Each structure stands twice: as structure tokens, then as C-alpha cells.
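We count residues from 1, following the sequence as given. First listed ligand is number 1; within each ligand, the first listed atom is number 1. Small disclaimer: the values here were computed from a predicted structure and weren't measured.
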Amino acid sequence: MSVIDPGLAASLWETTGKAGKITIATHMHPDGDAIGSSVGLMHYLETLGKDVSIVLNDRYPDTVAFIAGKGDGRIHVHEEAPEDTAEAIAGSDLIFCMDMNSFGRAENLGEALGKAGCRKILVDHHLHPDTEAFDIVVSKTDISSTSELLYYLLLEAPDIRGDAGKLPEATAKALLAGMTTDTNNFANSVYPSTFAMASRLLAAGVDRDAVISALYSNYRENRFRLMGMLLKDRMEITPCGVAIIIIDRQTAQNYDMKEGETEGFVNLPLGIRKVRMSILLKEEADRFRVSVRSKKGISANRCAMEYFNGGGHEQAAGGRLVKGKDLGSCPGMDEVAGYVRDCTCKFFKEQI
Ligand code: 5GP
Ligand code: MN
């Protein structure tokens with residue numbers, strides 16, 4: 001069984017072989033899979049003698065910093081040093097876009113990525129990839145994560161030849177970590193190929209206990225205090241079976257929430273039998289970031305596309321509600337909850 005078309009992989013590695021300076025980009029608000037696949041690729045390309053940098057719109061959360069590890073110095077963040085990301089993109093011989101289906105997902109880096117004169121490669125597992133915008137497209141949606149997709153792509157590389165034991169140690173660890181976060185530790189989007197990857201990486205010596213401990217036993221106490229309060233006092237369940245949780249800026253400040261510390265909250269209400277879809281909204285200065293999760297048979301992706309200016313996967317998607325556009329310019333929590341209640345009710349009526 002070949003997860004990746006060998007011809008496509010051969011052309012990707014041939015193109016990569018010809019490039020000297022390579023830039024890797026990923027989506028805004030990078031998560032474990034975005035960082036795992038980008039950092040995993042960087043460490044491998046460095047063994048080929050390439051000059052590699054990673055460009056991000058905004059910094060990754062502390063919760064996934066262990067994946068970046070020592071690679072941190074080659075990661076440039078637009079929000080911190082826009083001249084560095086612009087220089088990296090403009091000077092590239094080749095650009096890899098990881099875990100994003102279009103340049104727009106890199107937010108403020110999107111335009112520079114699109115305009116860059118070099119060849120561009122997409123490696124992604126989201127629905128609706130913008131295939132026209134890339135020279136080589138490795139897109140597969142029936143796979144756990146971009147980290148898994150990259151793992152199978154790397155197995156096709158001429159110097160790896162199917163032997164996971166030949167992957168750099170840092171790449172193997174980053175890929176296992178990225179896949180673990182995107183599957184919610186083997187709970188969602190798991191395929192036979194996913195277990196095969198995990199099995200071979202473990203056999204190759206990756207310390208899974210260390211990865212699991214860094215991901216799931218390393219949070220600050222305030223995450224759990226906020227989680228308890230939201231489930232007890234703030235979660236609403238609509239008659240349509242939609243759980244809604246809103247984290248306004250004041251609450252986030254009261255609990256000293258940092259980026260990434262609410263990761264996974266949106267999955268919790270799906271444990272309730274009557275809940276069919278769970279929606280978590282997080283307030284930012286100009287918008288509410290929206291996370292949507294659904295049970296099998298209900299499309300979180302379609303709901304995110306139709307009502308939240310976003311998309312993603314069938315059961316896990318995201319988007320945004322912009323203040324002064326989708327909502328009033330200074331919306332109260334009642335208004336936001338009302339919007340979500342109404343549009344999800346409409347969404348479920350359309351389903352029948
Ligand atoms: P999360 O809720 O964890 O932020 O995102 C869930 C999934 O939806 C991820 O795969 C993420 O890449 C995707 N996603 C999140 N926000 C957006 C968005 O605004 N647009 C699109 N197309 N996908 C998104
Ligand atoms: Mn992903």
C-alpha cells in the first residue's frame with residue numbers, strides 16, 4: 001500500500017534537490033501539527049545541506065515549544081520581525097506550505113507567499129486545497145495530519161527509501177508529536193496508516209513517553225480552573241444539540257490565559273450524548289475566533305464555511321466572526337451567543 005503516489009513524491013524530491021535556500025510556511029495560530037510538520041521537514045532538509053527557515057504569521061504557543069526545540073533560531077515570526085519573514089520569502093529558491101490549504105491561511109504572510117517568484121509546494125490534509133496556486137500539490141484528506149503525510153513523503157525520499165530508522169531523530173519526534181496533537185492522542189481521524197506510522201517511529205526509537213508528557217502533563221493550573229468554570233457556568237446547550245462556549249477577553253485575562261492554553265476545550269461537550277456539535281468562541285480585539293467540532297454525520301466544515309468565514313475538516317473546523325461586520329462593533333456575549341444559536345439552528349434545519 002502506497003499512501004503517496006511515488007511519481008509525485010519523486011518529482012517533489014527532485015525539485016527539492018535543486019533548491020539551495022528553502023522557506024517553510026504554515027498557517028496562522030500554528031498548532032502542534034503545523035509546527036511538527038514544519039520543524040520535522042526543516043530538520044530533514046538540513047541533512048541535505050539546505051539553508052532552511054520557517055516563517056510564521058504569529059508565534060507558536062508555549063505548549064508546543066518543545067517541538068521547535070533547538071530549531072527555534074531558524075523560525076521567523078512576522079508579528080515580531082516582519083523584515084525577517086519578508087527577506088526569507090523573497091530570497092527563497094523554493095517554498096513549502098505545510099498544513100494550510102491556501103496562502104490566505106498564513107494571514108499577513110499570504111500575499112508575500114503568493115507573489116514569490118520561486119516554485120511552491122503544498123503539503124496539506126485540509127478540504128478544498130487551492131491547487132492552482134502551487135506548482136506541486138501533495139494533498140490528502142483521508143489522513144490524520146500533515147505530519148503523517150510528510151512522514152510518508154519522507155519515506156519516498158531517495159536517501160530514506162522506506163526506512164523510518166534513517167529519519168533524523170528530531171524529525172521523527174516532531175512528526176510523532178504533530179500527529180498526536182491533530183488526532184487528539186489517537187481519538188480522531190485515525191487510519192491504519194496512522195498506527196503504522198506510530199509503530200514504525202516507536203521502533204525507530206522515538207521516546208513517545210516524553211512526547212506525551214510534554215503535551216499532556218505539562219499545563220499550568222489555570223487552564224483547568226478555567227475549564228471547570230466554563231463547563232459549570234458558561235456552557236449553553238441549544239435545543240438543536242449545539243454546545244456553545246464563549247471566552248470573552250475579560251475572562252481570558254482573569255485566568256491569565258496564553259495562546260494554546262484552551263486547546264482541546266471545544267472537544268469536551270461532545271462527550272455529552274445529546275450534543276451533536278460543539279462551538280467555542282474566543283474573543284480577540286477585532287474578532288471572535290471560532291472552533292467547530294461535530295459528531296459523525298454532521299459537517300463542522302460546512303457549518304464553518306457557511307456561517308463562520310472558515311473551513312477545515314469534516315469533523316473539526318474553524319473560522320471567525322468579525323466585529324463591526326458579522327457582529328455589532330462592540331457585541332455583548334448575549335449577541336454573540338444569539339448569532340451562534342440562530343445560525344446553527346438554521347444549519348440543522350437545512351440538513352433535514
Ligand atoms: P481549531 O479549531 O483547532 O483552531 O481548528 C480546527 C481545524 O480547522 C484546523 O484544521 C484548522 O487548520 C482549521 N481552521 C481553523 N480556522 C480556520 C479558518 O479560518 N479557515 C479555514 N479554512 N480553516 C480553519
Ligand atoms: Mn493539521
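The Mn ion (ligand 2) has an N, O or S atom of Asp99 closer than 2.8 Å. The nearest N, O or S atom of Asp31 is not closer to the Mn ion (ligand 2) than 2.8 Å.
Residue-level proximity to ligand 1 for Ser291 is carried by backbone and side chain together, each with a heavy atom below 4.0 angstrom.
Using modelled atom types and a 3.5 Å distance limit, the side chains of Asp99 and His125 yield a donor-acceptor pair. Under the 3.5 Å distance criterion, with hydrogens and angles disregarded, no donor-acceptor pair is assigned to the side chains of Asn254 and Thr251. Between the side chains of Glu148 and Ser193, at least one donor N or O lies within less than 3.5 Å of an accepting N or O. Side-chain contact check for Asp159 and Tyr44: at least one donor-acceptor pair (N or O, by modelled atom type) lies under 3.5 Å.
Polar contact check, Arg293 against ligand 1: a nitrogen or oxygen pair lies under 3.5 Å apart. Distances between N or O atoms of Arg105 and those of ligand 1 include at least one value under 3.5 Å. Residue contacts with ligand 1: Gly311 is placed with a nitrogen or oxygen under 3.5 Å of a nitrogen or oxygen of the ligand (distance criterion only). For ligand 1, the polar-atom distance check finds no N/O of Val292 at less than 3.5 Å from any of the ligand's N/O atoms.
By the 6.0 Å and 45° rule, Arg276 stacks over the aromatic ring of Phe348.
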Step by step, would you call Glu236 with Arg341 a salt bridge (charged side-chain N to carboxylate O under 4.0 Å, His left out)?
-> CA-CA 10 Å; Glu236 171 189 340; Arg341 217 178 288 130; 2.6 Å; yes

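The atom name of the N/O/S atom in Asp33 closest to the Mn ion (ligand 2) is OD2. Note on His125: its N/O/S atom closest to the Mn ion (ligand 2) is NE2. No other N/O/S atom of Asp182 lies as close to the Mn ion (ligand 2) as OD2 does.
Taking every heavy atom of His313 and a limit of under 4.0 angstrom, the matching atoms of ligand 1 come to 10 (O). Near His126, with a cut-off below 4.0 Å to any heavy atom, the atoms of ligand 1 are 9 (C), 10 (O), 11 (C), 12 (O).
Between Ser189, Gly310, Ser145, it is Gly310 that holds the heavy atom closest to atom 20 (N) of ligand 1.
Using bins of under 30°, 30° to 60° and over 60° for the plane-to-plane angle, the ring pair His27/His126 lands in the perpendicular bin. Aromatic ring pairs are classed by plane angle as parallel below 30°, tilted from 30° to 60° and perpendicular above 60°; the pair Phe224 and Tyr219 is perpendicular.
Comment: Glu221 engages Arg225 in a salt bridge, judged by a side-chain N to carboxylate O separation of less than 4.0 angstrom.
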